[in-house]
Amino acid sequence: MAEEFKPKILGIICNWCSYAGADLAGSARTQYPPDIRIVRVMCTGRVDPLFIMKAFIDGADGVLVSGCHFGDCHYLEGNYKAAKRMFLVKSVLRDLGLEDKRLRMTFVSASEGAKWAKVVEDVVKTVTDLGPSPIKEFAR
Amino acid sequence: MVDTTSTKNPRIGVFVCHCGTNIAGSIDVKKVVEYALTLPNVVHAEDYQYVCSTPGQKKIEDAVKAKNLTGTVVAACSPRLHEPTFRRATQEGGLNPFRFEMANIREQNAWVHMHEKEGATNKAMDAVRIAVAKASLLQDLTPKSVSVEKAALVVGAGIAGMQAALDLANAGIKTYLVEKNPTIGGRMSQLDKTFPTLDCSQCILTPKMVDVGRAENIELMTYSEIEDVSGFIGNFDVKVRKKANGVLSMAEAEAKGIVGGGCNGCGDCDPVCPVIKPNPFEMGMKPRKAIYIYHPQVVPLLYTIDFNTCIKCGLCVTACGEKKAIDLEMQDSFVDLKVGTVILALGYDMFPVEKKAEWGYKKFDNVVNSLEFERLICASGPTGGHLIRPSDGVTPKKVAFVLCAGSRDNTGNAKPYCSRFCCMYSLKHAHQIIEKIPGVQPYIFYMDIRSFGKMYEEFYYRIQDEGTKFLRGRVANILEDPVTKNLHVYAEETLLGRPIDLEVDMVVLAAAVQPSAETERTRRLFGVSCSQDGWLLEAHPKLNPCGTTTAGVYIAGVCQGPKDIPDTVAQAEGAASAASIPIHLGKVELEPYFAQCIEEKCAGCGMCVNLCPYTALSLVDKEGGGKVMQVTEAKCKGCGTCGAYCPGGAIWMQHFTTPQIVAQIDAFLVGGGQ
């Protein structure tokens, strides 16, 4: 291991809460590690399990899905549906021999900039500790 | 038919913004531009100091024309800030505005990775790659124009809601004003005087209450609650529960054919009612009957029966006589409203300061909170304005005011924020007792005196000159002398650097304020977010303080955060102005993020139908047998929950299509090669 492992983490986050919270972290200049790339959706309800599986097949080391708190969803209940799907995807990941900790769902509101920074920090640390995704080995 | 095709040979232009040093300070902008030019489909890339400036926007417009672009990408701030700006610039160039995609390299990059230039630059290059991948697949979309109902709803009839309703009504808009209490007026009607002018609160409020009651365009719905909300900007369907108050108004009586009947507020029912309960308006310090009004100046002047305590003896019915105003069998009724815009003015409650047990509130008789003090010093209050201490009815000669009682408290069992108006009203309280009680000595225990408003600092000087003693220190403990019921206030006087034990006759806790009990339920009905303390979240803290993230819903007053009366009224007028704009325009444009059904792929299983929270999806018969899903665009809000579920991939979520999102994921992880 000559080079330090820098994980590739995909964040799929909702426009109304988590994306706004991440923007707030920016305005407040709350620093966190740069190892995450964001895809914005209107609601975490839009997160098709396919997207997560695609990311892992493409070689992502971790995936973060972040939405509104329960009861706060801009579309009433999209985050409940997303959260339910996460259980499904996690069990598929386990069946594939992938640590289910590589997938995380969090709830960050538009006023929780500091929490967003903490979440990213924590996800980066968790995934870094787990090391590169074993799927990359397969691909080779 | 849904168009699922994308442009054959996309030509994308990339514009990277320096934002002064905001972005360029932590990201190598030139490197990002050079990198962008190597990406597939990118035919143009440039950087500029401020892309949002007029010359910056012109660059987008010119490049679209000169290079015959099919899509644009701006790497700059958050799309929540400048997406509309760059969409317009793209449109000026002759493209559909939805052929624009933004890469956020400021809020979610440069500002949060200020000391990691390499990491930040790599992240910016990835963000541009991801955005280009999406821009290559974007399609022409047309916003949907919907008409706006020419009516507004204001929830909460305190000073904020009243002011907002009056402004809307005066602008010619039919306004429904819903209030949970039997009367309008809110917290302001409980106050005695207002700082710093010392106007009598009721004297300046009641004319407004009367105006609201009389305004032709205002339909007042007191003793009512919001039951259910559906719809969207321009077309909200609101169900209001009119709680049974057991009393017919004159209009209601007339509608029932009782000539000359209905409640005229004569009060004949009050003396005969045998049930005695504490009056919440007087903070429980004065009794009321089961049939009651809060105070003599209520609007509307209409008695209310509290059916939780009424024993239905019928004495009031007899006393009411020919007016036949009382109906002891009345049930809650529901009213359906259709409105274009909504203003929430939900107000506040006092923080239950007994949670801070060290101050002995609710344990010691002579410790009161500031709203109880307002009633005790108010001429229309339970004591007729004679301040007495609750334990023995004696006029106090030494009174301590404890500021920040539950505010600015990081212990975890109180509020971390400043409640903003307690400093000023406590100064006012000190003035009021000096004015009313000869020889009285007020003491104010403070951390800082925050007298920030117009003429507030001058008022503070005046109170100092009048002889109020200011002790700088947070009160650690209050104990009661069991014999005299006097109180010992223990604190550290930090200016002298020594502990003090002050014996006083009475303590007034300037308790923190918190969102009213109904705020949580009501905000969720309207889909409005809250900040971590429960106050309603504005769309932008500086530039959109009256708006929310739900289009067509606006906020005013303390429900957005603690503020004094002038600020509340100002925000209410702002919210009324904002809420009147869509109504006066008559139509609004909705972003075209609708679900579409790809009929060839739809198996008609109907699983999506139940997933939709807006009942926008339905199954219809297909030509030649079988079923197919159909989207009612007006109902679809574009969350995409159905699109994520459809097992056949038959749902096309415009602007967030599966191919677009998968392209973004691929672009990030495998370089985005076509």
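Below, chain A is the first sequence line, B the second, and so on; all start at residue 1. The structure presented is a predicted model; accordingly, all values stated were derived computationally and were not measured.
- Annotation: maximal heavy-atom pairing with chain A below 4.5 Å, among B:Ser529, B:Ala131, B:Ser531, B:Cys77, occurs at B:Ser531.
- The residue among A:His69, A:Arg40, A:Lys6 with the most heavy atom pairs within less than 4.5 Å of chain B is A:Arg40.
- Counting heavy-atom pairs under 4.5 Å between each of A:Lys115, A:Arg85, A:Glu112 and chain B puts A:Arg85 at the top.
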Kindly determine whether B:Glu116 and A:Gln31 satisfy side chain to side chain donor-acceptor pair (under 3.5 Å), including the steps that lead there.
CA-CA 10 Å; B:Glu116 299 180 70; A:Gln31 305 293 302; over 6 Å; no
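- Residues B:Asn104 and A:Tyr19 bring a donor and an acceptor atom of their side chains to less than 3.5 Å of each other.
- Looking at A:Asn15, the atoms closer than 4.5 Å to chain B (heavy atoms on both sides) sit in the backbone and in the side chain alike.
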Apply side-chain contact (heavy atoms from CB on, under 4.5 Å) to residues B:Asn109 and B:Ile27 and explain how you reach the verdict.
CA-CA 9 Å; B:Asn109 191 340; B:Ile27 290 173; 3.7 Å; yes
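- In terms of heavy-atom pairs under 4.5 Å with chain A, the best-connected choice from B:Ala127, B:Ala110, B:Gly527, B:Pro79 is B:Pro79.
- One N or O on the side chain of B:Gln660 and one on the backbone of B:Thr657 form a donor-acceptor pair closer than 3.5 Å.
- Contact of B:His655 with chain A is not made at all, since no heavy-atom distance falls under 4.5 Å.
- Of the listed residues (B:Gln532, B:His115, B:Arg523), the greatest number of heavy-atom pairs within a distance under 4.5 Å of chain A belongs to B:Arg523.
- Within a 6.0 Å radius of NZ in B:Lys144, other residues, nucleotides and ligands contribute more than 12 heavy atoms.
- Heavy-atom distances place both the backbone and the side chain of A:Lys8 under 4.5 Å from chain B.
- Heavy atoms of B:Leu611 lying under 4.5 Å from chain A belong to its backbone as well as its side chain.
- Only the backbone of A:Val47 comes within less than 4.5 Å of a heavy atom in chain B; its side chain stays farther off.
- Side chains of B:Gln108 and A:Asp23: a donor on one and an acceptor on the other come within 3.5 Å.
- Looking at A:Ala28, neither its backbone nor its side chain comes within 4.5 Å of chain B, counting heavy atoms on both sides.
- Without hydrogens or angle criteria, B:Lys117 side chain to B:Ser26 main chain gives no donor-acceptor distance under 3.5 Å.
- If you tally non-hydrogen atom pairs under 4.5 Å between each of A:Cys68, A:Gly45, A:Cys17 and chain B, the highest count goes to A:Gly45.
- The pair A:Glu121-A:Lys125 does not count as a salt bridge, with every side-chain nitrogen at least 4.0 angstrom from each carboxylate oxygen.
- Options A:Ser27, A:Gly78, A:Ser109, A:Gly59 differ in how many heavy-atom pairs under 4.5 Å they form with chain B, and the most are formed by A:Ser27.
- Most heavy-atom pairs under 4.5 Å with chain B, from the set A:Pro34, A:Pro49, A:Ala22: that is A:Pro34.
- Taking the six-membered ring where the residue is Trp, A:Phe70 and A:Tyr80 present parallel rings, their angle staying beneath 30° rather than reaching 60°.
- Both the backbone and the side chain of B:Ile665 come within contact range of chain A, each with at least one heavy atom under 4.5 Å from a heavy atom of that chain.
- Ionic pairing of A:Arg104 and A:Asp122 is present here: one or more N-O contacts between side-chain nitrogen and carboxylate oxygen are shorter than 4.0 angstrom.
- Neither the backbone nor the side chain of A:Ile52 comes within less than 4.5 Å of any heavy atom of chain B.
- There is no contact between B:Arg106 and chain A, counting heavy-atom distances below 4.5 Å.
- Proximity to chain A (any heavy atom under 4.5 Å) is restricted, for B:Tyr593, to the side chain, taken from C-beta onward.
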